[in-house]
Asker: 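Before anything else, here's the structure in question.
What's counted below: heavy atoms across the whole structure, side chains too, no hydrogens, waters or symmetry copies.
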Amino acid sequence: MGVFVYLPLVLPLTALPMARLAEQHLHPRSATRLLAVTGSTLALCSTLCLALLMVVGTAQLPGNPLPDGWSDPEVRAAVPYEEKAGLIAIGVLGAVLAACGSTLLRHTRARIRAAHALGPEAGNGAAGDLTVIPSPDPFAYALPGGRGRGRGDVGQVVVSTAMMECLDPRERRALVAHERAHLTGRHHRYLLATQLAARANPFLLPLRTAVAYSTERWADEEAAYTVGSRRTVATAVGKAALFANREPGPAVLPGFAAAAGPVPRRVAALLDPEPSAGLWPPASAHLAVAAATATVGTAASALSSLNATVTLVGILHAATPL
């Protein structure tokens, strides 16, 4: 196994330059997908290698489930340097699994609370996939998934009456289009994937932040296309951020709330020309270098974890009596 089992634990560092440059120079749709796939792959590889190290560490514990032949000196010599690291990996992998489980639990609870917040009386204000809730607090959020008759299969857009009163008709249309873009683009999946990746490997935290921003920008661009005016969406984003509560309703996805990404950056991007959806040629030399570095790092991580897995399986097979 050697050094290959350790490389995937640090190779996520190769993706950090791309996180910032992608959200600056790529179309937000492309940035979201690219960063989510890269982060998920790197997280899976690093978690796999932690599991491999844990197997080595488990072999040091009394009553372990590994074959007795694992304790032979020749077998131990074939797995250099991993004995102490394997014991540490047991605790680290346990912490990773606990953190990911906690994230999934919070995500599920948030969706349940958001669904319950609609209540049976909210159906009176429902129009297709849009529900307007009487409330003095300005908020808007997107709730993924259908919830009975009259609700969209993709999900439900929930807006308070106070938020509707803050905006003029075109801005309201922009707000609803923004939240619908979250649903049709399945942004909650990208957000959850990068949240789990960051829990699995803290080096991937910048990718989580970048994806949270790029999903907002993606929804902004979709809203601008729907209403036919980037300036209208920029105005709606700014006004909604001013009126929204610091802690809005039970939002499952970032929406037009004040905490939903750097609002000034989003407004500035909407006042600029529409970004190109093409990936080639690269928007800048820095982005090309960062993308190449991240690609090499991701490929090296996958190959290293595969190499370590094949090696450990071979060792276990050789140590297992027929």
Asker: Check the pair Lys239, Glu171 against salt bridge (charged side-chain N to carboxylate O under 4.0 Å, His left out), reporting the backbone distance first and the verdict last.
Answerer: CA-CA 9 Å; Lys239 287 176 65 174; Glu171 292 163 354; 2.9 Å; yes

Asker: Are Pro28 and Glu23 close enough that some pair of their side-chain heavy atoms sits under 4.5 Å apart?
Answerer: no

Asker: Work out which heavy atom in Ala51 is nearest to a heavy atom in Leu93; give both atom names and the distance.
Answerer: CA-CD2, 3.8 Å

Asker: Identify whether NZ of Lys or CZ of Arg in Arg265 sits under 6.0 Å from the centre of the six-membered ring of Tyr213 and within 45° of that ring's axis.
Answerer: yes

Asker: Is any side-chain heavy atom of Leu207 closer than 4.5 Å to one of Leu16?
Answerer: yes

Asker: Under 4.5 Å between any side-chain heavy atoms of His187 and Glu216, yes or no?
Answerer: no

Asker: If you take all heavy atoms of Arg170 and Val227, which pair is closest and at what distance?
Answerer: NH2-O, 3.3 Å

Asker: If every non-hydrogen atom of Ser301 is compared with every non-hydrogen atom of Pro8, which pair is closest and at what distance?
Answerer: OG-CB, 3.4 Å

Asker: Can you see whether Thr184 engages Arg180 through a side-chain donor-acceptor pair at a distance of less than 3.5 angstrom?
Answerer: no

Asker: Among side-chain atoms of His27 and Glu274, is any donor-acceptor pair under 3.5 angstrom?
Answerer: no

Asker: When you measure from the side chain of Arg199 to the backbone N and O of Cys100, does any donor-acceptor pair fall under 3.5 Å?
Answerer: no

Asker: Closest approach of Thr194 and Ala36, non-hydrogen atoms and distance?
Answerer: CG2-CA, 3.9 Å

Asker: Between Leu130 and Leu175, is there shared hydrophobic-cluster membership here, with clusters defined by ILVMFWY side-chain heavy atoms closer than 4.5 Å?
Answerer: yes

Asker: Taking C-beta and beyond as the side chain, do Met18 and Thr38 meet within less than 4.5 Å on heavy atoms?
Answerer: yes

Asker: Should Thr103 and Gln195 be marked as a side-chain hydrogen bond (donor to acceptor under 3.5 Å, both in side chains) after you check the CA-CA gap, both sets of side-chain angles, and the distance that decides it?
Answerer: CA-CA 8 Å; Thr103 297; Gln195 286 169 1; 5.9 Å; no

Asker: Do Ile133 and Thr161 have side chains that get closer than 4.5 Å, going by heavy atoms?
Answerer: no

Asker: Could you please spell out the steps behind the side chain to side chain contact (heavy atoms under 4.5 Å, CB included) verdict for Leu192 and Arg189?
Answerer: CA-CA 5 Å; Leu192 181 59; Arg189 295 181 178 177; 5.9 Å; no

Asker: Within the supplied structure, the quantity of interest is the number of heavy atoms (other residues, nucleotides, ligands) at a distance under 6.0 Å from Arg231 CZ; does it exceed 12?
Answerer: no

Asker: Measure the acute angle between the ring planes of Phe139 and Tyr141, then classify it against the limits of 30° and 60° as parallel, tilted or perpendicular.
Answerer: parallel

Asker: Test Leu270 against Glu221 for side chain to side chain contact (heavy atoms under 4.5 Å, CB included), laying out the working first.
Answerer: CA-CA 8 Å; Leu270 284 165; Glu221 292 297 332; 4.2 Å; yes

Asker: Short question: side chain of Arg217, backbone of Arg266 - any donor-acceptor pair under 3.5 Å?
Answerer: no

Asker: Walk me through it: do Leu42 and Asn201 pass the test side chain to side chain contact (heavy atoms under 4.5 Å, CB included)?
Answerer: CA-CA 8 Å; Leu42 290 169; Asn201 193 315; over 6 Å; no

Asker: List the atom of His178, the atom of Ala223, and the distance in Å for their closest heavy-atom pair.
Answerer: N-CB, 3.7 Å

Asker: Considering all heavy atoms of both residues, which atom of Val263 and which atom of Ala241 are nearest to each other, and what is their separation?
Answerer: CG2-CB, 3.8 Å

Asker: Take His107 and Leu191 through the test side chain to side chain contact (heavy atoms under 4.5 Å, CB included) and record every step on the way to the result.
Answerer: CA-CA 10 Å; His107 179 81; Leu191 292 168; over 6 Å; no

Asker: Side chains of Val233 and Val237: closer than 4.5 Å at any heavy-atom pair?
Answerer: yes

Asker: Just checking, any donor-acceptor pair under 3.5 angstrom between side chains of Ser214 and Thr32?
Answerer: yes

